[in-house]
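A quick write-up on the structure given underneath.
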Amino acid sequence: MKIKIDLNGIKSIDIENGTTALDILNSLNTQENKRPLAAIFNDSLIDLSLPIENGGVLHPLTFGDEEGRMVYWHSTSHIMAQAVQRLFPDVKLAIGPAISDGFYYDFFSEKPFSLEDLKNIEKEMKRIIKDDQSFERIDKTKEEAVAQFTERNEKFKLELLDELEGKVSLYKSSEFIDLCRGPHVPSTGYIGAYKLLSVSGSYWRGDEKRENLQRIYGVSFETKEELESYLKKLEEAKERDHRKIGKELDLFSINENSGVGLILWHPKGATIRRIVEDFWKVEHLKHGYELVITPHIAKAGLWRTSGHYDYYLENMYIIKKENEEYVLKPMNCPGHILIYKSKIHSYRDLPVRYAELGTVVRDELSGVLHGLLRTREFTIDDAHIFCTEEQIDDEILGVLKFARKITKIFGFHKLAYELSVREPECKDKYAGCDEDWKKAELSLIKALETENLEYKRMEGEAVFYGPKIDIQMYDSLGRKWQGPTIQFDFNLPGRFGVTYVGKDGNPHNVFIVHRTVLGSIERFIGSLIEHYKGDFPVWLAPVQVRIMTITDKLIDYAEHINETLKSHNIRTEIDKRNEKINLKIREAEKEKIPYMGIIGEREERENTISLRERHRKDRGSITTADLVTEIQEKSNIKIQ
RNA sequence: GUCCACGUAGCUCAGUAGGUAGAGCACAUCCUUGGUAAGGAUGAGGUCACCGGUUCAAUCCCGGUCGUGGGCUCCA
């Protein structure tokens with residue numbers, strides 16, 4: 001019997017019923033040099049070995065497809081697990097999924113794996129790949145699978161099975177058998193190049209009360225070249241690490257004497273921060289926000305009203321003073337609400353937009369602290385919008401546009417959007433009424449659609465108090481950073497009784513929208529450091545110009561130039577040491593200073609500066625006035 | 001908080017199979033006044049993270065504490 005297969009929506013062919021997906025794809029003999037790894041048939045992921053019955057749409061998956069890569073990595077993780085069990089027969093299997101950049105497998109092992117072990121595991125993997133074992137799918141009933149894993153003494157697999165119903169699938173390659181949904185690449189020989197990257201601890205099911213597991217991370221590619229280029233990218237990321245650059249460029253430090261997770265901003269780091277914050281304030285004032293300031297500590301009662309005292313207690317620093325208890329603020333919202341509530345608002349007053357660079361303190365677990373990215377004290381570029389129901393569409397759209405504008409100015413041109421909504425089944429675990437959630441969600445969608453933005457809908461990812469849009473920024477290495485967030489809050493208005501007086505003279509509930517553009521100033525500057533690799537555009541560079549003398553005789557003239565630049569608000573400094581010009585240039589280059597003004601006898605005579613620009617080398621002579629103009633222009637455009 | 005690894009000069013890192021340490025850069029002084037990525041000499045700098053234990057002797061071995069890194073968990 002012949003059946004009809006629609007290939008990838010491109011062409012349609014008739015084939016014998018029961019032909020495998022692999023044979024179908026092979027028979028095509030396409031010019032594309034892309035090897036299929038698995039396929040999607042009528043919307044489900046399948047192995048290429050699956051005989052196709054009945055017609056439908058067949059879509060091959062290659063390493064170029066995200067799903068294809070996931071299959072590839074997942075198969076590699078099986079190979080690794082097989083190698084581990086050959087070398088360490090007592091090791092028990094937990095789980096081994098593909099992740100966004102490779103794969104891992106969690107094992108239960110009495111002894112932790114060493115780097116030496118990883119090398120041996122890699123060697124064993126090589127054998128398995130060379131043997132080109134096929135990945136064989138075996139469908140079993142749950143009972144059969146339980147029997148099988150009982151025999152193999154795989155208690156974690158049994159626990160997983162316990163939660164499954166009906167038929168389950170196992171994958172077998174040679175002696176190795178794993179409980180697995182699949183699909184897999186046809187055989188182990190498909191794996192071209194791989195590397196085990198690190199070993200670390202984890203918990204069974206992420207639960208710290210459960211067994212401690214050993215997790216091995218790895219990655220694989222079809223060719224050695226791709227693997228090498230990936231490893232190079234990892235090296236590159238290491239080179240960009242904001243902690244390394246922060247030290248090299250003398251931007252900030254963390255000192256255990258003052259406390260871990262607390263940032264000491266050195267002059268240059270503080271300068272960058274000041275520029276970011278000044279810019280932030282000016283932009284917010286332009287966009288209809290009012291700047292407010294709220295105290296760093298507040299009485300415990302405020303946090304009881306807000307609910308933080310009950311639900312956020314373990315993250316809060318509490319200060320006890322005589323009979324009064326104070327809390328170091330972990331969030332800015334309650335303060336802003338108190339300002340709003342300090343008077344009665346008419347509908348005519350709305351929307352009210354309060355913005356603050358609000359420094360908050362949260363007792364984060366010591367293990368998560370990470371440079372500027374995870375700290376215990378950080379400054380949120382926070383704002384709360386108080387508005388009526390009719391205003392939410394305009395407000396959300398306004399925030400979205402504003403957030404996009406600001407992130408682009410800082411050089412993040414590629415953004416991704418996520419809409420987090422409620423879990424549809426259990427609506428009762430959320431604050432706020434059904435109607436408000438619907439309105440808010442629609443409003444968020446409308447804004448995204450008005451701006452023609454693609455977004456990913458995240459079912460059940462909303463926090464309990466409201467739906468939100470999260471914006472991710474891609475940096476110059478293509479890595480994602482958490483950027484702006486726009487979030488409805490259906491919890492605090494009720495707790496604090498936040499209202500406005502409507503046309504009818506009665507109080508009405510306000511909508512509160514919590515939003516941040518940069519997230520935290522600390523983290524944002526961390527992302528800027530890595531994005532620019534410390535090589536900041538002129539408007540952000542802590543030092544824009546360094547004036548350097550060729551000989552001691554030129555110090556007076558150099559100082560004059562330096563002062564002139566300073567009087568035009570240019571961030572300049574002078575290197576008048578008794579050193580050769582080559583050394584001074586080398587150091588300025590290493591410090592990534594965008595402009596070097598070299599001062600010799602000729603310049604003094606002609607009243608100019610010899611300008612060297614980073615990345616452009618010697619630009620010849622220029623007058624001070626021209627340099628001032630150039631820097632001011634670059635600072636105003638804020639792009640480079 | 002937790003698992004594993006690590007902690008030597010301001011920085012980057014050697015080293016000691018247990019006998020109290022070394023380089024480069026940075027810093028200081030002197031020589032050199034040199035035109036677009038490292039001129040030379042001399043010198044100063046360390047309770048080898050901290051606290052205990054074993055030992056005639058510990059920076060090295062053992063235990064604990066603190067910190068750092070990669071994870072887990074959490075999250076801006």
Side-chain angles (χ1 to χ4, degrees), chain A residues 99 104 106 109 111-115 117 197-217 238 241 243-244 247-248 250 253-257 259-261 312 314-315 330-332 358-360 362-382 463 470 481-485 487 514-524 526-527 548-555 576-591 596-603 610-614 616-621:
Chain A
I99 50 176
Y104 68 79
D106 279 347
S109 166
K111 232 177 59 194
F113 298 114
S114 66
L115 291 177
D117 292 333
L197 297 168
S198 64
V199 53
S200 69
S202 65
Y203 305 108
W204 172 236
R205 317 215 114 178
D207 183 346
E208 60 185 272
K209 292 181 193 71
R210 300 293 307 269
E211 291 85 344
N212 252 305
L213 304 174
Q214 300 288 322
R215 174 172 299 179
I216 302 179
Y217 285 90
K238 234 190 227 169
D241 192 311
R243 293 163 299 181
K244 178 174 148 82
K247 200 184 269 180
E248 285 167 359
D250 198 15
S253 64
I254 298 164
N255 190 309
E256 58 184 280
N257 292 117
V260 298
Y312 206 68
E314 53 184 39
N315 286 293
M331 293 186 186
N332 299 305
T359 303
V360 298
R362 302 179 184 174
D363 185 22
E364 301 288 353
L365 296 179
S366 64
V368 306
L369 301 175
H370 183 90
L372 293 176
L373 306 187
R374 285 302 296 277
T375 60
R376 286 192 171 139
E377 179 181 293
F378 59 98
T379 299
I380 307 178
D381 76 304
D382 220 348
V463 282
D470 284 313
W481 296 79
Q482 180 59 49
T485 305
Q487 167 122 47
H514 167 109
R515 49 106 286 183
T516 158
V517 177
L518 310 178
S520 103
I521 300 291
E522 284 77 2
R523 173 185 285 186
F524 188 75
S527 74
M548 41 189 83
T549 52
I550 289 176
T551 77
D552 291 353
K553 294 180 211 113
L554 285 319
I555 290 178
K576 54 189 179 190
R577 291 174 304 163
N578 173 15
E579 294 290 355
K580 290 202 167 167
I581 199 67
N582 278 344
L583 181 86
K584 295 185 183 184
I585 288 169
R586 177 182 156 81
E587 289 183 356
E589 286 281 349
K590 281 173 72 177
E591 289 171 48
M596 284 157 258
I598 292 155
I599 305 295
E601 284 178 19
R602 194 172 65 232
E603 286 71 28
S610 173
L611 189 69
R612 182 184 164 107
E613 191 180 343
R614 204 172 134 64
R616 282 179 67 184
K617 308 250 165 143
D618 191 354
R619 282 182 49 189
S621 288

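Just so it is clear: chains get the letters A, B, ... in the order the sequence lines come, proteins before strands, and each one is counted from 1.
Across the strands present, B:A44 finds no partner; the criterion is a Watson-Crick or G-U wobble pair with both atom distances under 3.5 angstrom.
OP1 or OP2 of B:U12 sits under 4.0 Å from a side-chain N or O of A:Lys247. When the side-chain nitrogen and oxygen atoms of A:Ser366 are compared with OP1 and OP2 of B:G1, one or more of them lie within a distance under 4.0 Å.
Judged by distance alone, with hydrogens and angles left aside, A:Glu603 brings a side-chain donor or acceptor within reach of the base of B:G35, the pair sitting under 3.5 Å. A donor-acceptor contact under 3.5 Å links the side chain of A:Glu364 to the base of B:A76. In this model, a side-chain donor or acceptor of A:Arg374 finds a partner on the base of B:C74 within 3.5 Å.
Here A:Glu601 lies in heavy-atom contact (under 4.0 Å) with a base. Across all strands, A:Asn582 comes closer than 4.0 Å only to sugar-phosphate atoms, never to a base (heavy-atom distances). Within the nucleic acid shown, A:Ile550 comes within 4.0 Å of at least one base atom, counting heavy atoms only. If you check every strand for non-hydrogen atoms under 4.0 Å, A:Phe524 touches nothing. Within 4.0 Å (heavy atoms only), A:Arg612 reaches at least one base atom of the nucleic acid. Residue contacts for A:Gln487: at a heavy-atom cut-off of 4.0 Å it reaches no nucleic acid atom on any strand shown. The residue A:Thr485 sits apart from the nucleic acid: no heavy atom pair falls under 4.0 Å.
In the set B:G39, B:A76, B:G71, B:A76 carries the atom at the smallest distance from any side-chain atom of A:Arg362. In this structure, the nucleotide among B:A26, B:A37, B:G1 sitting nearest to the side chain of A:Glu587 is B:A26. Of the candidates B:G34, B:A38, B:G70, B:G34 carries the atom nearest the A:Lys580 side chain, counting heavy atoms from C-beta on.
Of the two residues near RNA chain B, A:Tyr312 and A:Arg243, the one whose nearest nucleotide lies more 5' is A:Arg243.
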